Every structure is written in structure tokens, then in C-alpha cells.
Amino acid sequence: MPLQIYNTLARQKETFKPIHEGRVGMYVCGPTVYGDSHIGHAKSYVSFDVIVRYLRFLGYKVLYVQNITDVGHLTDDADQGEDKIEKQSKLDRVHPMQVVELYTRSYFEDMDALGIQRPDISPHATGHIIEQIEMVKKLLAGGYAYEVNSSVYFDVHKFSEYGKLSGRNVEEMESGARIEVKSEKRHPADFALWKKAEPEHIMQWPSPWGSGYPGWHLECSSMSMKYLGESFDIHGGGIENQFPHHECEIAQSECSTGKPFVKYWLHNNMVTVNGQKMGKSLGNFVTLKDAFKKFDPLVIRFFILQSHYRSTLDFSEQAIEAAGKGLEKLQNTVQRVRVEIKKGKNGKGTLFDLAEYRKRFTEAMDDDFNTPQAIAALFDLSRAVNDLLAQPNGISLESLHQIETFFTDYGVNILGLFGEKAASSQLQTDGMIEPQLVELLLAARKEARENKFWLLSDKIRDRLKALGVVLEDTKDGTSWKKA
RNA sequence: GGCGCCGUACCCAAGUGGUAAGGGAGAGGUCUGCAAAACCUUUAUGCGGCGGUUCGAAUCCGCCCGGCGCCUCCA
């Protein structure tokens with residue numbers, strides 16, 4: 001079964017077939033950089049990171065573009081709100097571009113910690129003003145937009161398919177009570193392509209319609225098409241951006257090019273706290289920097305991947321702790337396998353067939369990136385491996401290598417889990433003094449144990465544990481690892 | 001009000017027509033000086049409720065109850 005992807009446009013899973021064979025153009029809505037990222041961002045970008053990694057694993061040459069929104073994103077109503085970046089810059093009394101720089105760095109710092117591979121291109125909206133103006137010109141020339149008072153709006157009535165992504169129609173929305181009616185727009189659903197800037201507005205650029213700044217939706221259209229072409233394969237983003245943001249992107253893009261914009265729309269669900277959406281407006285968000293103080297970033301990554309990207313994920317410390325223990329279990333197995341390989345025992349040992357696990361893992365991932373099921377396969381594999389390793393014969397060296405490769409391919413390369421931590425301790429510390437000191441203590445403790453000096457041997461174990469070195473006595477001797 | 005989603009064991013969470021994955025926690029056991037790790041056994045005749053379709057439903061349909069999202073910024 002080839003890769004199936006749930007396409008919001010079709011409201012069902014579809015077989016994935018890229019526009020150009022072997023290549024995938026993918027765009028994901030990036031952050032608006034006016035504050036530290038929270039767990040919700042983590043879910044979104046971890047999910048898409050795994051999607052990119054899996055597509056690459058399947059052999060596709062992926063060009064992954066994720067924007068940085070640094071202008072035009074307004075605080076509330078699309079017409080009357082304040083630019084988020086400018087607002088923050090006033091609070092901090094710094095230039096807007098300082099806000100942008102600070103939180104862009106903060107964003108990448110957090111994403112790096114989560115093991116997220118950086119996008120191939122991270123275009124800034126402010127770096128693509130010219131492209132955006134060009135697009136507005138096109139839309140005006142085509143009669144899809146109109147100018148009022150030095151601002152330009154998109155006329156949703158000119159695009160009959162408006163609403164096809166989110167499943168709504170303009171007339172129904174018109175009766176909706178929550179849309180602000182009094183405005184210079186012809187229709188409440190029309191949206192800003194270009195906004196006139198008041199003189200005190202710092203971020204503004206000259207345009208054929210006067211000095212102003214681009215509307216929020218515009219950047220994603222012009223930047224995605226600039227780097228991926230007028231039609232590309234995958235556009236991802238948070239489900240809350242399905243409407244209006246993505247709907248508007250489709251309208252602008254398809255009207256300006258006359259071509260289909262995106263083939264597959266992917267939307268990830270959100271993180272909730274006590275069943276309620278985690279968001280900046282509700283103020284119930286947990287920043288990643290705070291979360292990292294309590295939890296290993298990889299544990300948070302694992303916690304996220306244990307639920308499906310299209311499901312909501314309820315945040316709780318209890319749930320993350322449980323995930324952490326599960327991850328540790330997998331890490332222990334990986335570690336154990338690597339140590340066995342290093343021991344390099346000869347020939348003997350049971351052969352281990354990975355085919356079943358490989359099948360389960362890839363079938364799960366092929367089914368709309370079902371990471372929870374893929375992880376379940378890893379757990380089952382882990383148990384089977386541990387079981388055999390505890391047997392007198394152990395596992396053959398050849399099989400151990402295959403298992404190690406399996407964990408590297410699927411666990412490390414695709415899911416982005418147990419990278420460096422599990423690879424460290426005994427394995428890559430040759431020549432360092434620290435492991436030699438630990439070995440020295442272990443030798444002393446061994447003697448104590450042989451003489452049944454339990455108080456001393458337990459004390460050594462406790463003291464080492466306090467230093468972050470965990471001992472485990474087995475029948476083959478004592479092994480240790482860093483906690 | 002419009003559109004849509006969800007409700008699975010003590011907790012988290014897959015499964016969307018063929019007889020309930022996985023993780024955590026709990027209980028019992030093997031190993032062990034102890035601890036830890038690991039392994040084994042065990043914990044939902046039932047998947048919010050009630051009807052219906054079907055040989056067969058957690059999975060499809062209807063109604064009801066509960067929760068949530070979008071429709072205004074939000075990953």
C-alpha cells in the first residue's frame with residue numbers, strides 16, 4: 001500500500017502522488033515571531049518534521065519551506081487589529097526587527113532542542129515585500145481585488161470556489177453575527193491584501209497604493225509559490241488556520257495564476273490543557289523554555305508522537321512523565337544492543353527476523369503518518385529483543401547490527417528519537433578520564449560485594465547515582481549509564 | 001446561529017465493518033544480597049447512552065447526553 005495522506009481538500013485519505021515524480025514541494029505555515037514558542041508549536045512542527053523525514057526516507061527529494069511571519073499579522077480583527085510585532089516592540093521599547101530577531105532565534109533554539117530538522121528555506125515576510133506587491137498588482141489587474149483608501153482588498157465574490165477548503169460559503173457567513181459589518185470593504189468576508197499604514201507605523205513600505213504593509217495571508221502565497229512553483233504538493237499548518245488563512249491563500253494564489261495552488265492540504269490538530277485549546281489568547285500556554293526545565297525535549301517530542309497529528313493532544317505533566325518512562329524503555333534497548341555490538345562476540349546467537357516489525361512500522365507510517373502505531377511496533381520489537389538478549393545464547397552479531405540499523409533508520413532518522421543520549425556513555429567515551437574513574441569505582445565496589453560489604457557497595461551505588469551515573473548489576477557484572 | 005471534530009480500561013492513546021495495538025500506573029511472579037533493569041502473567045464480553053442496518057459494528061445510519069474547535073488573532 002503506497003503512502004496515504006489525509007487531504008483536507010478532499011476530506012479523506014488519498015494516495016500520495018507528487019506533481020513531479022520523485023520530488024516533493026512542501027510548505028508549512030511558520031510562526032509569527034513576537035513571543036516564545038509553546039507546546040502547541042512543538043506539536044505542529046514535530047509533526048511536520050516527521051512527515052518530511054518520512055517522505056525523505058521514502059526516497060523523495062523534498063524541498064521544505066517554512067516562513068517566518070514578521071509583519072502583517074494583526075492582533076484581532078483583520079482590519080482593525082494592531083500588528084503583533086509592532087505591539088510587542090512597543091511593550092519592549094525596541095525596534096520591531098529586534099523583536100523579530102530575538103524570537104526567531106528563540107524559535108529555532110527550541111525547535112533544534114526538539115530534534116526538528118531545519119526547513120530548507122525560512123523566508124521572512126519582510127524580505128519579500130516586492131513579491132507581495134507584484135501579486136497584489138496581478139490580482140488588481142485581473143479584477144479580483146479593489147483599492148479603497150490606499151488599501152487593497154480581495155473580493156471573495158470573484159472567486160467562486162472560496163470556501164472549498166473549509167467547507168463554508170460566503171452567503172452563509174454573511175448571516176453570521178460575528179463578522180464586523182461596518183468597514184471599507186465591500187463584503188465582510190473580503191480580506192486585506194495590502195494595508196495602508198498610519199505615519200506612526202514603523203514597518204511600512206512604499207507601494208503603488210501608498211505607503212503600507214502586506215496583509216497576513218499574502219506572504220504565504222507569494223513566498224510558497226516563489227520557492228515551490230505556482231502549483232506544489234503539500235501545504236501544512238495548524239487546523240485553526242484552515243479558515244480564514246488557508247482559504248484566503250487559495251483564493252489569492254489561484255486567482256493570480258489561474259492554476260491549482262496546492263495538491264494536498266495537511267492540518268495538524270492542537271494541544272489542549274484540561275480539554276481547552278492551548279493558545280496565546282487564552283493565556284493557558286506553556287512555553288517550551290519552561291517545559292524544557294522539567295522535561296527532556298526529546299521526551300516532549302516522544303509524547304507528541306505518541307498521539308496522531310490529526311488528534312488533539314491533552315497536555316499534562318503526568319502524561320509527559322509516562323511518555324518519558326516509555327521512551328527510556330526504548331532507549332535502554334537501543335543502548336543494550338549497541339553495547340552488545342561493541343562487545344563483538346563471535347558467531348553464536350539467535351538470528352532475529354525484523355521483517356514483521358519493518359512491515360508494521362512502514363504500514364503505520366504509510367497510513368497518514370500514524371506515529372503511535374509505528375511506535376507500538378518499536379515497543380514490541382524492544383520486548384522481543386530484550387527477551388532474546390536475556391537468553392543464554394543472545395542474539396547473533398549480524399542480527400544485532402540489523403536491529404541497530406532498524407532503530408537508527410526508524411527511531412532516529414524518521415522519528416528523531418534517541419539520538420545522542422543513547423549513543424553516549426560507554427560507547428563514545430574511549431580515552432576520556434571519566435569512564436575510567438567510573439570503572440575504577442566499579443572495580444572497588446566489586447571487591448566490596450565479593451566480601452559482602454553491602455553497606456559500602458550500596459553507598460558507592462547511591463553516590464554515583466547522585467552524580468548521575470546509574471549502576472545495574474547483572475550476572476555478567478555491573479553495567480552503568482548516565483541518567 | 002452556521003460548519004466541523006471528539007467521547008476507547010485508573011491515566012495517556014491507536015484502531016473506523018470481522019471480533020479491542022502500545023505506553024504509564026496497579027497486582028502477582030522469575031532473576032537478585034538489596035536496588036535497578038529485563039522478562040512472564042494479570043487489569044475493557046466491551047469502546048458516552050438508546051435504537052437501526054448487517055451473518056457480524058467501537059467502527060455505518062438516526063436520535064440523545066457530554067466535551068471541544070473554527071466562524072476575530074492563534075501551531
Side-chain angles (χ1 to χ4, degrees), chain A residues 11 28-32 37-48 73-82 84 163 166-169 171-180 189 216 236-245 247 267-272 275-282 285 302-303 306-308 310-314 316 318-330 332-333 336 360 364 367 370-380 382-391 449 452 454 457-458 461-462 465 470-475 478-479 481:
Chain A
R11 271 157 232 297
V28 170
C29 287
T32 302
S37 304
H38 54 68
I39 306 277
H41 294 98
K43 173 166 163 69
S44 183
Y45 299 119
V46 164
S47 298
F48 287 114
H73 203 163
L74 308 184
T75 50
D76 32 36
D77 186 273
D79 303 313
Q80 280 132 30
E82 194 177 0
K84 293 185 173 196
S166 54
R168 35 191 112 204
N169 71 64
E171 307 319 319
E172 276 174 9
M173 289 190 302
E174 203 160 5
S175 56
R178 297 182 63 190
I179 292 177
E180 182 65 46
W216 173 40
I239 198 169
E240 73 284 348
N241 278 331
Q242 201 177 100
F243 187 90
H245 184 53
E247 199 70 70
H267 289 98
N268 71 282
N269 220 313
M270 61 216 133
V271 176
T272 57
Q276 277 205 314
K277 175 180 175 177
M278 177 183 287
K280 296 198 172 167
S281 45
L282 277 172
F285 63 93
F302 185 70
F303 168 65
Q306 270 194 302
S307 82
H308 189 90
R310 283 192 290 112
S311 301
T312 53
L313 174 63
D314 201 61
S316 74
Q318 191 194 4
I320 295 183
E321 272 163 23
K325 285 177 184 164
L327 177 60
E328 196 181 342
K329 194 171 179 175
L330 290 177
N332 282 341
T333 302
R336 209 164 282 137
R360 278 178 61 194
D367 182 14
N370 194 327
T371 53
Q373 275 196 340
I375 288 170
L378 292 187
F379 274 112
D380 287 338
S382 167
R383 192 188 312 114
V385 168
N386 284 333
D387 186 21
L388 278 180
L389 282 178
Q391 307 289 328
R449 293 184 70 212
K452 300 195 192 305
W454 306 126
S457 69
D458 288 352
R461 185 171 63 199
D462 291 344
K465 190 178 181 185
V470 178
L471 302 191
E472 285 173 15
D473 295 322
T474 70
K475 51 183 176 295
T478 301
S479 71
K481 63 176 181 179

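Predicted model, so just to flag it, every value in this text is computed and none were measured. Only heavy atoms go into these numbers, but all of them, side chains included; no hydrogens, no water, no symmetry mates. Chain naming here is simple, since letters A, B, ... match the order of the sequence lines and numbering starts at 1 in each.
Rounding to whole angstrom units, CD1 of residue A:I375 and C1' of B:G23 are separated by 9 Å. A:N370 has its CG atom 11 Å from the C1' atom of B:A13, to the nearest Å. Here the C1' atom of nucleotide B:C70 and the CZ atom of A:F243 are 9 Å apart, to the nearest Å. In this structure, the CG atom of A:D462 is 12 Å from the P atom of B:A36, given to the nearest Å. Between the CE atom of A:M270 and the C1' atom of B:C68 there is a distance of 7 Å, given to the nearest Å. Summarising the geometry, the separation between CG on A:N332 and P on B:A37 is reported as 8 Å, rounded to the nearest angstrom. If you measure from atom CG of A:L313 to atom C1' of B:C68, you get 14 Å, rounded to the nearest angstrom. Rounded to an integer number of Å, the gap from A:D387 CG to B:U30 P is 17 Å.
Comparing B:G15, B:A75, B:G2 by their closest approach to the side chain of A:Q373 singles out B:G15. Comparing atom distances between the A:E472 side chain and each of B:C70, B:A75, B:A36 picks out B:A36 as nearest. Taking every side-chain heavy atom of A:E240 into account, B:A75 is the closest of B:A75, B:G22, B:C34. Of the candidate nucleotides B:A38, B:A21, B:A75, B:A21 has the atom nearest to the side chain of A:P372. The listed nucleotides are B:A14, B:G69, B:G24; the one nearest the side chain of A:S307 is B:A14. Checking B:G15, B:C73, B:C34 against the side-chain heavy atoms of A:D473 singles out B:C34 as nearest.
Between A:S311 and B:A14 there is a side-chain N or O to OP1 or OP2 distance below 4.0 Å. Residue A:K325 places at least one side-chain N or O under 4.0 Å from the OP1 or OP2 atom of B:A25. Between A:N386 and B:A37 there is no side-chain N or O to OP1 or OP2 distance below 4.0 Å. Within the 4.0 Å cut-off from OP1 or OP2 of B:A37, not a single side-chain nitrogen or oxygen of A:K481 is found.
At a threshold of 4.0 angstrom between heavy atoms, the contacts of A:Q242 with the nucleic acid are absent. Within the 4.0 angstrom heavy-atom criterion, only backbone atoms of the sugar-phosphate kind lie near A:H308; the bases stay farther away. If you check every strand for non-hydrogen atoms under 4.0 Å, A:R461 touches a base. Residue A:Y45 is classed as a sugar-phosphate contact, given heavy-atom separations below 4.0 Å to backbone atoms only. Within the nucleic acid shown, A:G40 comes within 4.0 Å of at least one base atom, counting heavy atoms only. Across all strands shown, A:R383 has heavy atoms under 4.0 Å from sugar-phosphate atoms exclusively, and none from any base. A:K465 comes within 4.0 angstrom of no nucleic acid atom, judged by non-hydrogen atoms across all strands. A:D458 comes within 4.0 angstrom of a nucleotide base, judged by non-hydrogen atoms across all strands. The residue A:S457 sits close to a base: some heavy atom pair falls under 4.0 Å. A:V271 comes within 4.0 angstrom of a base, heavy atoms only.
Ring-plane geometry between A:H38 and A:F285 is classed as tilted, the angle between the planes lying from 30 to 60 degrees on a 0 to 90 degree scale. In this pair, A:Y45 and A:H41 present their aromatic rings parallel. The plane angle is below 30°, not in the 30 to 60° band.
The NE2 atom of A:H308 lies 7.0 Å from the OG1 atom of A:T371; values are rounded to the nearest 0.5 Å. Taking OG1 from A:T333 and CZ from A:R383, the interatomic distance works out to 10.5 Å, rounded to the nearest 0.5 Å. The structure places CD1 of A:I239 at 8.0 Å from CG of A:N268, a figure rounded to the nearest 0.5 Å.
Salt-bridge annotation for A:D462 and A:K465: absent, with no side-chain N of the basic residue lying under 4.0 Å from a carboxylate O of the acidic one.
Two residues, A:W454 and A:Q318, neighbour RNA chain B, and the one matched to the more 5' nucleotide by heavy-atom proximity is A:Q318. Both A:F302 and A:S382 sit near RNA chain B, but only A:F302 has its closest nucleotide nearer the 5' end.
In terms of polar N and O atoms assigned as donor or acceptor, the side chain of A:D380 never comes within less than 3.5 Å of the base of B:G22 in a complementary pairing.
Applying the 5.5 angstrom centroid cut-off and the 30 degree plane-angle cut-off, the aromatic ring of A:F379 is not stacked upon the base of B:G23.
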Pairs under 3.5 Å (N/O, protein and nucleotides 4-10 of chain B):
none

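Judged by Watson-Crick or G-U wobble contacts below 3.5 Å, the nucleotide B:A38 has B:U30 as its partner. In this structure B:C63 sits in a base pair with B:G49, meeting the Watson-Crick or G-U test at under 3.5 Å. Pairing for B:G4 goes to B:C68, judged as Watson-Crick or G-U wobble with the two contacts each under 3.5 Å. Base-pair partner of B:C55: B:G18 (Watson-Crick or G-U wobble, both distances under 3.5 Å).
Using atom P as the reference point in both B:G28 and B:G22, the two lie 22 Å apart (nearest Å). Comparing B:A58 with B:A14, their C1' atoms sit 12 Å apart, to the nearest whole Å. B:U42 sits 31 Å from B:C6 when the C1' atoms are compared, rounded to a whole Å. Distance noted for atom P between B:A9 and B:C34: 38 Å (whole Å). Comparing B:G49 with B:A13, their C1' atoms are spaced 23 Å from each other, to the whole Å. B:G7 sits 15 Å from B:G15 when the C1' atoms are compared, rounded to a whole Å. Look at the P atom in both B:C10 and B:C63: the space between them is 30 Å, to the nearest Å. Spacing between B:G17 and B:C60 at atom C1', rounded to whole Å, works out to 8 Å.
Distance alone, capped at 3.5 Å, is enough to place a donor-acceptor pair between the A:D314 side chain and the A:G275 backbone. Side-chain N or O atoms of A:E247 include one that pairs as donor or acceptor with a backbone N or O of A:S166 at under 3.5 Å. Within the 3.5 Å criterion, the main-chain N or O of A:K43 finds a donor-acceptor partner in the side chain of A:S47.
For A:N269 and A:S311, the side-chain atoms include no donor-acceptor pair closer than 3.5 Å. There is no side-chain donor-acceptor pair under 3.5 Å between A:N386 and A:K329.
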